[in-house]
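Report on the structure given below.
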Amino acid sequence: MQMMGMLKIDRVSVTHNKRIAIKEATLNVNEGEIIGFIGADGAGKSSLIHAIAGVIRFEGQITFQNSVYHSPSEAEKLKSQIGLMPQGIGLVLYDLLTVGEHLRFFANIRNITQDDRFNEYKSRLLRMAGLDKFVDRRAGNLSGGMMQKLSLICTLLHRPKLLILDEPTTGVDPLSRIELWKILDQIRRDEGTIVLVSTAYMQEAAQMDRVLLFDSGEIIAQGSAKELIESVREMTYVLTPSANLHSMSTLDTTYSLEPLEAEHISPTLEALFFVNALQKNRLLPPVEITPRDGDSSFASVVMEAIGLTKVFGDFIANEHVDIRLNRGEILGLLGANGAGKTTFIKMLLGLLSIDGGELSLLGKRIETAKDRQALKSSIGYVSQHFALYNDMTVRENLLYFALMHQIPMDTAIKRIARYAAELGFEEYMDAIPTELPLGINQRFSLAAALLHEPVILFLDEPTSGVDAIARAQFWQLLVALKEKWKIAILITTHYMSEAEFCDRIVLMREGQKVADDTIANLYTAHPNAQTFEEIFLEYYR
Amino acid sequence: MRIGILKAYILKEMNELVRSRLIIMVYLLPTMLLLLFGYGIRMEVTHARIAIIDNDQSHLSNLLTSKFEHSKYFDATTTFMDEGEALRKIKQAQSDAIIIIPAAFEKRLLKGQTTQIGIYVDAAFPSRGSTMESYVQGVILNAASGLIPNATNGSIVINQRTLFNQAMRDEDAIVPGLIGLVLLVAPAIIAALLIVKEKERGTIFNFYASPLTKAEFIAAKLIPVFLLHSLNIFILLLWALYLFEVPFRGSFWLYWVASEFYILVSISIGILISVITKTQIVAVVLTVMVTIIPGFMYSGIIMPISSMVGMSRYEAHVFPVMYYNHILYDVFLVGEGLASEKTQLYLVILALYGVILLGLGALWLRKEIK
Amino acid sequence: MIRIFWSIVGKELIGFIRSWQLVLVVLYMFSVEVYIAGSGIEINPRNVAVGYVDGTAGGLSQKILTHLHGPEFLAPRRFNSQSELSRAIFDKEIIVGIVFDEDFEKKWRQNKRAQLDILMDATAASQAYTTLNYLQHIILDISKINIPVDIVTHKLFNQNADNHTFMALTELLSIITMLSIILTAVVFVREKEQGTWDLMLLMPVNPKVIILAKSFSQIIVVMTGIVISLGFVVLGIFNVPVNGSLSAFLLLSFFFVFAGSGIGLFIAAIARDVMQVAQLSIVIMMPLIFLSGAWTPIYAMHPVLQYVSFISPLRYYIEGSESIFYRGTEWIDLWPYFLGVIAVGGVMYWIGFRKIGRLF
């Protein structure tokens, strides 16, 4: 006799565009349990989530609340019990409706009686999400973090017994993430809801009752975070450069299947990805950056912004921001969603007009667009969504950008070949960007931004949605670039662990700069903080 | 169908239509189309620019010239340029026709000799050229027969009775047909966008993942557009009656009911397109292709259905515009109303169209990711 | 700069060819659409449905009826009574009804006034009018009246008043308008949506060059379509006469497509996404096409519309093209059309450059 609220997934397979997305997944979940799905892009997490939510055709059988379904139409009777939040920031929200209207709409289409009890529940959710002050704001004007919180409480309105969340926290700042999890935890305890969550943040996964590791359409490991971490402890060492051929290194850790003459350190769930890659023999080329063709002597202060201000209507996106970027420095620009990071970068680039303050690039005051013309060949930029042409192959994309930069053809071909080897996307040269995993796109976007050997690099959230291995690799690259080329890098990210690799951190909050210091100094100033995330959060309290 | 759910969904759709300013399209597009075509399309030729070269300068030639000058069809000017110059005027598209009255026009006529009048017509626009030609000939023959005594002996007199449009006004002939075109195109475009927009944006998941039924979803998409466009039925009627001064001889109720059915058909076409397409741009292009061109061809504006032969006759019967336009012309110009069995039949056919198209839409709508 | 210009053009052309669906649509428009319009749409009255009631023995009446033949008329249908005939007219099955009275022929033979009753459905005004004209001519013929005026008509430029060639040409011009606007607008708005436009602005190349190159690539696509359509359909199948200079037409087309892509650029500059491009295109293109003079001469339109049509490049293009193909107008007399088209295009590009062609 199984329990009433139990979820049973029996050999579920999903075929998407003739490709097997997930193969014979089997899983049993008890009432009130919270399960984390982790794995690289395209590993099959979303497909399984869609199958369970009854929005895609599948083979196999799913049982929930003693009701069996084999197809979306059979799942129909259970949909009042299920809540699905699909992947993508604000995906299920209507830009033009206000927060309050969303809640009313979602309650209405689920036919909820809106009595006192419901209203009380609704205001509790609003308070928990911190949205109670924004009931009349349109969803399109919310920050990414707020959108995700709104999506979550909209999904919770009908008190689902089964809550399925597909990467609810990707691209969301740490503060909003913590709030999201608080809501989830509370509801789960109050309502005994089963929660299935996929996530790219391993710290989050570590908090769950059980974690499932997905790889190429299969669940390859499952267990509590502790168990999983134990299973890879043996293979995790402190950074040991060029240990052996069967090892992989990040900036501070080395993973190896063969025993090393080095000390073990405590692994995180991320280690699972590396060890799995090693076991499947998917090795990455070691990061090597050859010195640049041009010379490396240029101004020591590459960018100086004094009192930069940007106003949209009556909303001040940036208010008197002073930031200086030095040669050979990685500067991390951190802040919650909507704190004004992207606006700031766009002002630096000239994509947005500057409403106040002064800006100098490479020692030159920027007054008009003409001043920028000469500087364009010194600046590289990777935007939030890796803007690339989707009708051309990787090679053609790169050649096109080289042409636009007026790099002689033979030099361009040589450089492209070199980057392809060094950044490890040689085998994808003739593929179309949309067919490639995000991590590969990210690397060749970087290559496109480096083709003309710039001395300043602006990177806007280059690691969002990219899997752990690709991110580690990416940071090794950045550090190598900085050391070899003395290039200056300004980068924004929502992974607080990545802040540790920056030389200096600027923290922004509501359009203003609230901190600007080295990591070490920040740790000194906040002695109670164990991780950088905690420091970050202190600025938002 | 749960009324509460429907109401919520409709409210949301209305909100979005208003805030996305799509509502402007709802009311701008039909009126714009009606005004553009109504004022911009003329089947008859008026104000054709005619240059008369009068080489006679006699009483009779003046008489003839004045006939042209007083016709509403022509803007006639008498000039003295030579033929070559006049032809160049036509080449420069500054003149549409030239009439050349020969030197001895009056003399010959009075002597009972045959005289020749030369006409040059710009036929670059063929139908306009032909029409101009017959108008000019008509005026000349008319004038000439007035000059000849006893012409009526043993003749046949045509006693013409123009039905429905006695004044032969272009507006009367075109505007009702335009309403049929406009009410086909405009609701279909808006409806086509509604579902596909949710697909493109991702909000379609709210439908996939909720207990909302397909019927409720379609009803929620259909009703707002239906209500908004119902107002257009009256707006267009007002334009037709007061701006274009088209008579209204039939039953208002028949006009109303038939129009509501027709809007339903048009929206169903849009919803069907919305169901089968993936992107908004494709949906718009497809809608334009299946509504504007057939809507125009089979509206009866260019060519009456009775004149169609072969394939186009069958095609005309496949597109709903023919049935509605029949009723439209009836209520505006004929006024037979439901007394005619054909009108009754066509009304039923329109309703059937709505039901069948909606049924297909519901059948093809998937509540799952493709 | 020249090299960059051509590489951008090349890149856009490759992108166009790779999106085979788009290629098919464009080819379809330039060939099948033009063909359908040329062979299918008929503005001249044709196949007018005639019905009659004949109370006479049928000598003169049949003589008159035999004159009503194709392609203008369907074979006249006989009705037994006038009420039957009216019924058919009310049901729109018959457009023109002719009633021959019992004493119609008798009176005529007796040299008295014979009266012919004609009922016309004037909702089909042009059909009714033409029929009336026809009947008048027929009767004039039969009546043996001698009017001493000989009318000699010369139909210039299109002697047979062949509607097919004209419709094919008109449709081609409309398609050129639509495609030059939409293709260009989509090229730019797609870049804006995907964010590649930001990258282009950051390239060490004058953004004006990029804009011109990108629109030039679409101009090439449309011009290729024009040549194909001209060669295979307009001149090949329909034999549209070329009384003027074909190179003048191609040059005028080039400048018109330039103006059209300028409008596309303008739409892309003010639109946020493809959706808005679709809406704006409809709102801008409809008046453009229907106020061009292709359907109704400009001078016959409402005065307000006549003024509005001055800013429509299509107005100049259509008038210019008609002049070249049919009227055989000389180069020197074509300058107003060139000027009009280039002016509109120039203004559109100027706005486009200001809106999306620069950094701050």
Side-chain angles (χ1 to χ4, degrees), chain A residues 14 16-17 21 46-47 49-58 71-73 75-98 101-114 138-140 151 154-155 157-158 160 162-164 166, chain B residues 1-26 193-221 223-224 278-281 362-370:
Chain A
V14 175
H16 202 57
N17 291 336
S46 291
S47 296
I49 280 175
H50 290 155
I52 300 171
V55 297
I56 199 169
R57 270 173 215 217
F58 60 89
S71 68
S73 50
E76 208 56 24
K77 56 184 184 285
L78 285 167
K79 284 194 177 160
S80 56
Q81 307 285 326
I82 300 177
L84 168 69
M85 181 173 156
Q87 189 176 355
I89 290 184
L91 189 83
V92 295
L93 303 181
Y94 303 92
D95 284 348
L96 298 169
L97 298 191
T98 65
E101 284 164 345
H102 269 95
L103 293 175
R104 221 166 306 138
F105 173 66
F106 277 86
N108 279 328
I109 62 166
R110 294 219 172 242
N111 220 3
I112 301 171
T113 348
Q114 300 187 33
R138 290 189 187 177
S151 304
C154 285
T155 319
L157 277 179
H158 62 290
L162 173 57
L163 187 60
I164 309 168
D166 197 357
Chain B
M1 295 255 184
R2 291 160 290 183
I3 300 303
I5 296 180
L6 269 187
K7 244 167 61 188
Y9 221 111
I10 291 164
L11 189 73
K12 181 224 113 189
E13 293 291 334
M14 287 282 196
N15 257 329
E16 282 199 302
L17 279 170
V18 172
R19 289 181 196 169
S20 66
R21 302 202 186 90
L22 210 58
I23 190 97
I24 300 176
M25 283 286 281
V26 171
L193 291 174
L194 285 183
I195 297 178
V196 84
K197 191 177 74 193
E198 295 220 23
K199 280 197 224 172
E200 221 174 59
R201 184 70 179 63
T203 44
I204 192 80
F205 269 104
N206 293 335
F207 163 56
Y208 290 161
S210 72
L212 210 63
T213 66
K214 284 202 238 173
E216 285 165 344
F217 185 67
I218 288 187
K221 292 286 171 187
I223 294 172
K278 280 199 189 120
T279 57
Q280 300 187 54
I281 192 84
L363 197 69
W364 288 341
L365 178 66
R366 290 265 149 263
K367 209 186 163 184
E368 60 189 50
I369 304 169
K370 262 251 188 86

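Note on naming: letters A, B, ... go to the chains in the order of the sequence lines (proteins, then strands), and numbering restarts at 1 for each one.
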Counting only heavy atoms from other residues, nucleotides and ligands, does the tally under 6.0 Å from CZ of B/R201 exceed 12?
yes

CG (B/L212) and OG (A/S80) are apart, to the nearest 0.5 Å, by 12.5 Å

Which atoms of A/S47 come close to chain B, meaning under 4.5 Å heavy atom to heavy atom: side chain ones, backbone ones, both, or neither?
neither

With a 4.5 Å heavy-atom cut-off, do B/P211 and A/R110 have their side chains touching?
yes

Any idea which heavy atoms bring B/S20 and A/L96 closest together, and the distance?
CB-CD1, 3.3 Å

If you compare all heavy atoms of A/N111 against all heavy atoms of B/R2, which two are closest, and at what distance to 0.1 Å?
ND2-CD, 3.4 Å

Any chance you could measure A/L97, atom CG, to B/N15, atom CG, to the nearest 0.5 Å?
6.0 Å

A/D95/B/R19 salt bridge by N-O under 4.0 Å criterion:
no

N-O pairing of B/K12 and A/E101 below 4.0 Å:
no

Here the gap from B/F205 atom CZ to A/T155 atom OG1, rounded to the nearest 0.5 Å, amounts to 12.0 Å

Roughly how far, to the nearest 0.5 Å, is CZ of B/F207 from NZ of A/K79?
8.0 Å

Distance, nearest 0.5 Å, that separates CZ of A/F105 from CD of B/E16:
8.0 Å

Non-hydrogen atoms of chain B under 4.5 Å away: do they reach the side chain of A/L93, the backbone, both or neither?
backbone

Could you have a look at A/R104, A/K77, A/R138 and say which one has the most heavy-atom pairs with chain B under 4.5 angstrom?
A/R138

Region of A/H16 in contact with chain B, defined by heavy-atom distances below 4.5 Å
side chain

Shortest non-hydrogen contact from B/G202 to A/V92?
O-CG1, 4.4 Å

Among B/R366, B/K367, B/K7, who wins on heavy-atom pairs under 4.5 Å with chain A?
B/K367

What heavy-atom pair brings B/E368 and A/P72 nearest, and what distance separates the two atoms?
OE1-CG, 3.1 Å

Is the side chain of A/N108 donor-acceptor paired with the backbone N or O of B/I5 at a distance under 3.5 Å, no angle test?
no

CD (B/E198) and OH (A/Y94) are apart, to the nearest 0.5 Å, by 4.0 Å

Determine, stepwise, if the pair A/F106 / B/N206 fulfils side chain to side chain contact (heavy atoms under 4.5 Å, CB included).
CA-CA 9 Å; A/F106 277 86; B/N206 293 335; 3.4 Å; yes

